[in-house]
Structure formats: structure tokens, C-alpha cells
Amino acid sequence: MTTPEVNTKGITFLHSPHGYSILDYVSVGICVFDKNYRVLFWNKCLAHWSHVDASNIEGKNIMEKFPTLNSPGFKERIDSVFNSGPPVLFSSQLHRNTIPCIMSDGSYMIQKTVVSAIPSSEPGEFYALMAIENATELSRKVSEYRMLRNKAIEEVNLRKQIEEELREKNKALLEHQDIKINQERLKVLLEMAGATAHELNQPLMTLLGTIELIHMTQELPKDFSTYLNSIEKSARRIADIVSKIQKIRQYQTKKYLNDVSIIDFNESSL
Amino acid sequence: MDKVSISHEQLEAVKELCNIGVGRGASVLNTMLSSHISLNVPDVQILSSNEFRDELKSFAKDSSISSVSLAFQGKISGSAQLMFPTETASSLVSVLVDESDELDMDALRAGTFCEVGNIVLNGVMGSISNILGLTFDYSVPEYIEANPENFIQKPALNENSHVLLAKTRFTIDELDIEGDIALFMRIGAINILIETIEKKFDLL
């Protein structure tokens, strides 16, 4: 237990070889103050961070030296500790610091602080023990992590956007390619159809004309007449196909044998 | 195994204690934050450890649980926890510190959540302590994040422990979220709490 030291003003300090002075050897800023906010102990770490020696603050009101502790959200919460209330936590994100300490690079130290109740030398009374952790490095690392994370997310989003644009452009290119191929096919088809119809029409007209002349002959054997009708029927079918070829305006195919596709004259001439 | 029996009046008294506590917590939060926050406890129930396991699974859905834990010892011992699904806890922090809600629950944000939980739990424990005349020794609040399965593996939740579960509604500007304040206690401690409430509120 602590052996309190009482100075000439009757103020109890907490330096002793077996008491709070052991807290001079920890790398956490620690101070102890009573319910009047009078500092009873100020460890070496906090003295180093704040550039305020224990001799310059012990016995004095901590809020006069560090007014932050008197601001909304601080005093009201710390007061509960003197009634043996639960520890009070001040996070680095909401408060930045409780005891402003300027670091070697000129920036303010970011702190995480816990204020806990500890029994005082008077029964039923409590002191507040304020333990301050230097959270500057942690905050810096988290900020760096957030920047890297945001950058990674931005890059992923940009990559997704580029991939989507690429997909769209590729699709448009394929569609354009299809249109061009179909136009070329149709062009070749129309040239072929025109040539075919033209070349077939003349012999077909001769064939049909000749059949007509034979029909006009009076005395044809009965069998011959039957054969002639069959020839005429086929010739007229060819004439019908040639007519369809002449009307081709689009490229439509249909399945044929062995997975081969052929031009569908009916559909193509619609 | 011993059982806990609690009357409607006793539960209402516990609810009142919790509402006073979270009201104090909200008052402190409002002095610190730019967003206006209001807290209330619409429902309180006492659950066995098994019932709490089921409740926790349905509460968390597929998310992990973020919790601020405040252990206490005294005539009644146990731990008080403020719990949220982690995504909800993260949204709460985002609103309070005006940050993007796409951030992870990193160490800084966990620290902020821990402070909010500390304020709310201190309000509740302070209310229980002051009104019922009980004194406690407390541990430093800590942040715990675990999936529901691991969360309920904790030694604090064994067959002999019961949970006083207070549904807590946080309303912060446009955000309306619900968390749980859970007091983990052994059955004996719950019975002492009920007896103390009976005497204090003259419910005998």
C-alpha cells in the first residue's frame, strides 16, 4: 500500500518506494487527483510528455493547468469516479487528447485515456487515477490503413468500370462485325441470285416454250403426254424457284444435312 | 439448477432502473456529440443461458457481435455488456463521428464504440448502484468482437448464469437502431438483485 507523504500545506502526495511511485517506471502517462481535482501524483512519463514536472503540478488544480478537463463531457463523467463509479474512457477519436502534449515533430499527441476510481487514504473516499496511452502511432497507422484501403477500393471500382466499358465496347464491336458480315453475305447472295436467275431464265423459257409447242401437236401418244406433263410441272417448279431467287432481299438459312446450313429461299424472299 | 422467478412489477422496476441509466447516458452523449441522441429501454427480460444463446443468434443474424464489456464485482458480480451486430455498431460510430459508413471497425472506431458503450453502461450501473445502494468494483471496459457462436462460449455464460437483457433503442437523428444491454450474472446474483429491488421499491 501507499505510504502518503504530507507536505507543510497538509496535502497528501503519493510518492513512496512501495506505492504509486512504481508508476514512474511505466510507459503510460499517469496522474492521480482528488475530488477537488488537486493533483496528488504525476508520473515521470506524463511529465516527459507534457513538459510539466511533478513538482510544478502536484498540489495544484489540474483543470487550471489543463482546462480541457473542465469542458462538457469530461468533468461530469470524471466526477462519478469519486463516488466509486465505473472507469471512464475517453477515446482518441472523440477527444484527441485529455492532457495536451506537444511531440518532437510539433504535432499534438493523440491519446486514449481511462480514469478509474482508486481508494483514497480516507475510508469510503476515492481518488481518480488517470491513465493516458499514446495513441498517435496507432492513429497514424489506422489513417494509413484507411488511405490504402480507400485507394484499393477506388482502384477496384475503376477496374470494374473499365472492364464494364470494355465489355460494352466489345459487344458493340461484335454487333457491328455481325452487321458487316451479314451485309457482305447479302451482297454476295444478291449478286449470285441475280446471276443465277438471269442465267437460268433463258434456257427455262426455251424449255417451257418447247413444251408448249409439243402440247400444241395434235397426235401425241398417251404415255408421251403424261411424261410431258411431268416435265412441264418440274420446269414450272424451277420457274417458281427462279422467281423466288429474284425476290431475295435478306439472308436467311435453314438446316440441311450434316449440320450444313443452306439458304432458305422461302424466308429470304419474303 | 436453481431458477429465477420474477414478477411483472419487479421486471417493470428493473426496466425503470435501466431507463434512468440510459437516460443519464444519453444526457452525457448529448453534451459531447453534435448529433442528438435519445435512448430508451422498451423491454426487459431475464433469460437462461440457453435462451440467451437463441436470442443472440437471432439478434446477430449473419453478422458478428460487437460488444463493450464492463465487469463488476461486489454483493452482485457479473458483467454488463452493450451489444450490437458489428455492422450496426459501425453505423452508429459513423453517425457519431460523421464518417463514411463503409469503414471497417478498426481500432480507432472500436475505441469510439467502447466510449459510447462505457457512457451507456456507466449510466445503467450508476443507476443500479445509486438507487439500490450497492457498491461495485469495476474492471476497465473492453471491446469484444466475436461471432455469436464464439461469443456465447465465454466462461461468463455457463449453465448457472442468467442474463438480464434490456432491449435498448438508440435514436440518433435519422438513424434508428436497436442494441442490447445484457447483464450477465449467476442465478444467485440475479436473485439478490431482485430481492434488493423488492425492498427498495417496496414490492413485497
Side-chain angles (χ1 to χ4, degrees), chain A residues 28 68 70-96 98 110-119 123-126 129-133 135-150 152-154 156-157, chain B residues 21 24-25 27-35 37 68-74 79-80 82 93-94 96-100 102-130 133-143:
Chain A
V28 175
T68 313
N70 201 18
S71 56
F74 275 92
K75 186 173 182 302
E76 184 189 358
R77 294 174 65 197
I78 293 172
D79 279 345
S80 69
V81 167
F82 300 115
N83 297 318
S84 176
V88 177
L89 192 148
F90 298 98
S91 63
S92 57
Q93 202 177 19
L94 286 178
H95 304 281
R96 305 300 284 175
T98 42
I110 298 168
Q111 300 166 343
K112 178 191 167 191
T113 304
V114 177
V115 184
S116 307
I118 53 169
E125 294 214 350
F126 292 87
L129 183 145
M130 180 183 276
I132 301 169
E133 283 177 50
T136 313
E137 188 60 17
L138 175 68
S139 298
R140 195 177 62 79
K141 291 279 182 201
V142 170
S143 296
E144 279 177 9
Y145 157 75
R146 284 184 186 176
M147 275 171 55
L148 288 173
R149 178 186 177 277
N150 289 343
I153 289 172
E154 272 175 26
V156 168
N157 287 340
Chain B
R24 283 180 186 166
S27 165
V28 173
L29 284 170
N30 282 322
T31 61
M32 292 168 44
L33 305 168
S34 53
S35 313
I37 186 165
V68 181
S69 174
L70 178 68
F72 55 90
Q73 287 183 318
S79 82
L82 177 69
V93 173
S94 296
L96 297 181
V97 297
D98 199 19
E99 279 183 339
S100 155
E102 289 176 357
L103 289 171
D104 298 333
M105 201 65 166
D106 56 41
L108 288 188
R109 290 163 65 80
T112 306
F113 177 65
C114 204
E115 179 169 355
V116 172
N118 175 234
I119 291 168
V120 175
L121 293 176
N122 285 13
V124 173
M125 291 310 295
S127 157
I128 290 173
S129 167
N130 293 339
L134 298 167
T135 53
F136 302 108
D137 283 333
Y138 299 95
S139 300
V140 174
E142 60 175 342
Y143 173 75

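A, B, ... follow the sequence lines: proteins, then strands. Residue 1 opens every chain.
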task: With rounding to the nearest 0.5 Å, note down the distance linking NZ in A/Lys141 to CG in B/Leu108.
output: 13.5 Å

- prompt: With a 4.5 angstrom heavy-atom cut-off, which part of A/Ser92 approaches chain B: side chain, backbone, both or neither?
  reply: side chain

Part of B/Asn122 lying under 4.5 Å from any heavy atom of chain A: both

- prompt: Given that the side chain runs from C-beta out, which part of A/Phe90 has a heavy atom under 4.5 Å from chain B: side chain, backbone, both or neither?
  reply: both

query: Any donor-acceptor pair under 3.5 Å linking the side chain of A/Gln93 with the backbone of B/Thr112?
result: no

Under 4.5 Å from a heavy atom of chain A, the part of B/Val97 involved: side chain

field: Engaged part of B/Leu70 at the chain A interface, taking heavy atoms whose separation is under 4.5 Å
entry: side chain

field: Smallest separation among heavy atoms of B/Met125 and A/Pro86, with atom names
entry: CB-CG, 4.3 Å

Residues, nucleotides or ligands: over 12 heavy atoms within 6.0 Å of A/Arg96 CZ: no

- prompt: Given that the side chain runs from C-beta out, which part of B/Ser129 has a heavy atom under 4.5 Å from chain A: side chain, backbone, both or neither?
  reply: neither

statement: Scored by heavy-atom pairs under 4.5 Å with chain A, the best of B/Ile119, B/Leu96, B/Leu29 is B/Ile119

message: Which heavy atom of A/Leu89 sits nearest to which heavy atom of B/Pro141, and what is that distance?
response: CD1-CG, 3.9 Å

- prompt: For the atom pair CG (B/Asp106) and OG (A/Ser143), what is the distance rounded to the nearest 0.5 Å?
  reply: 8.5 Å

field: Distance (rounded to the nearest 0.5 Å) between B/Met32 CE and A/Ser71 OG
entry: 9.5 Å

query: Do you know the tightest heavy-atom contact between A/Ser84 and B/Phe136?
result: OG-O, 3.6 Å

message: Any donor-acceptor pair under 3.5 Å linking the side-chain atoms of A/Arg77 with those of B/Asn118?
response: yes

message: How about CG on B/Asp98, more than 12 heavy atoms from neighbouring residues, nucleotides or ligands closer than 6.0 Å, or not?
response: no

statement: Cut-off 4.5 Å, heavy atoms of chain B, and the answer for A/Glu76 is side chain

